[in-house]
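Take a look at the structure below.
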Amino acid sequence: MSKSEGFFYQVHQVAKKIPFGRVTSYGAIANYLGTPKSARMVGWAMNASHNDSEVPAHRVVNRVGLLSGKHHFEGTNLMQQLLESEGVIVKEYKVQDFETLFWDPMKELR
DNA sequence: TGAATGACTTCGG
DNA sequence: CCCGAAGCCATTC
């Protein structure tokens, strides 16, 4: 209902570009959008994304690979199941081998 | 208008 | 990466 859709739109676009079986962080997306301070808003955009476009929000985790947004998904382990469905190993709310699976839009997408 | 909230990050220990 | 505290920013009440 405001210009904020532009910010959400950008976040959605980047999220959609995340390769299969890869993950990224909110800060990475925020940094790519030029607003590293608004990392929290990326999560907010994700919250809005589930209501509109099909955004792989499950591929977006925090800086340590922790599934911080897990509680916002349906059920109790949907996010983890989605990641595991893509071959991502998740243990105790955390992505294993996160540094290897990490996808930085700034370096990869450029 | 002001205060509270949160799917984060960074810094220091 | 574990723990605690502070900063940032958009949205909501």
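Sequence lines set the chain letters: A, B, ... in the order given, protein chains first and strands last, and positions in each chain run from 1.
Put simply, CZ on F7(A) is 12 Å from C1' on dA7(B), counting in whole angstrom units. Protein atom NZ of K94(A) is 17 Å distant from nucleotide atom C1' of dA7(B), rounded to whole Å. Rounded to a whole Å, the CG atom of L78(A) is 14 Å from the C1' atom of dA7(B). Per the geometry, CD belonging to Q80(A) stands 18 Å off P belonging to dA7(B), to the nearest Å. K91(A) has its NZ atom 18 Å from the C1' atom of dC1(C), to the nearest Å. Rounded to an integer number of Å, the gap from CG of N47(A) to C1' of dA10(C) is 13 Å.
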Nucleotide-resolved protein contact map, nucleotides 8-13 of chain B, B/S/- at heavy-atom distance under 4.0 Å: BSB---
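Applying side chain to side chain contact (heavy atoms under 4.5 Å, CB included) to V23(A) and the options V60(A), I18(A), L83(A), L67(A) leaves one that passes, L83(A).
Environment of NZ in K37(A): sparse, with no more than 12 heavy atoms of neighbouring residues, nucleotides or ligands closer than 6.0 Å. Atom OH of Y93(A) has 12 or fewer neighbouring heavy atoms from other residues, nucleotides or ligands inside a 6.0 Å radius.
A salt bridge does not link R22(A) to E86(A): none of the charged nitrogens lies less than 4.0 Å from a carboxylate oxygen.
Within 4.0 Å (heavy atoms only), A30(A) reaches no atom of the nucleic acid at all.
Ring geometry for F8(A) against H12(A) counts as parallel: the plane angle stays under 30°, on a 0 to 90° scale with 60° as the upper cut.
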Apply side-chain contact (heavy atoms from CB on, under 4.5 Å) to the pair V95(A) and I89(A), showing each step before the final yes or no. CA-CA 6 Å; V95(A) 176; I89(A) 308 302; over 6 Å; no
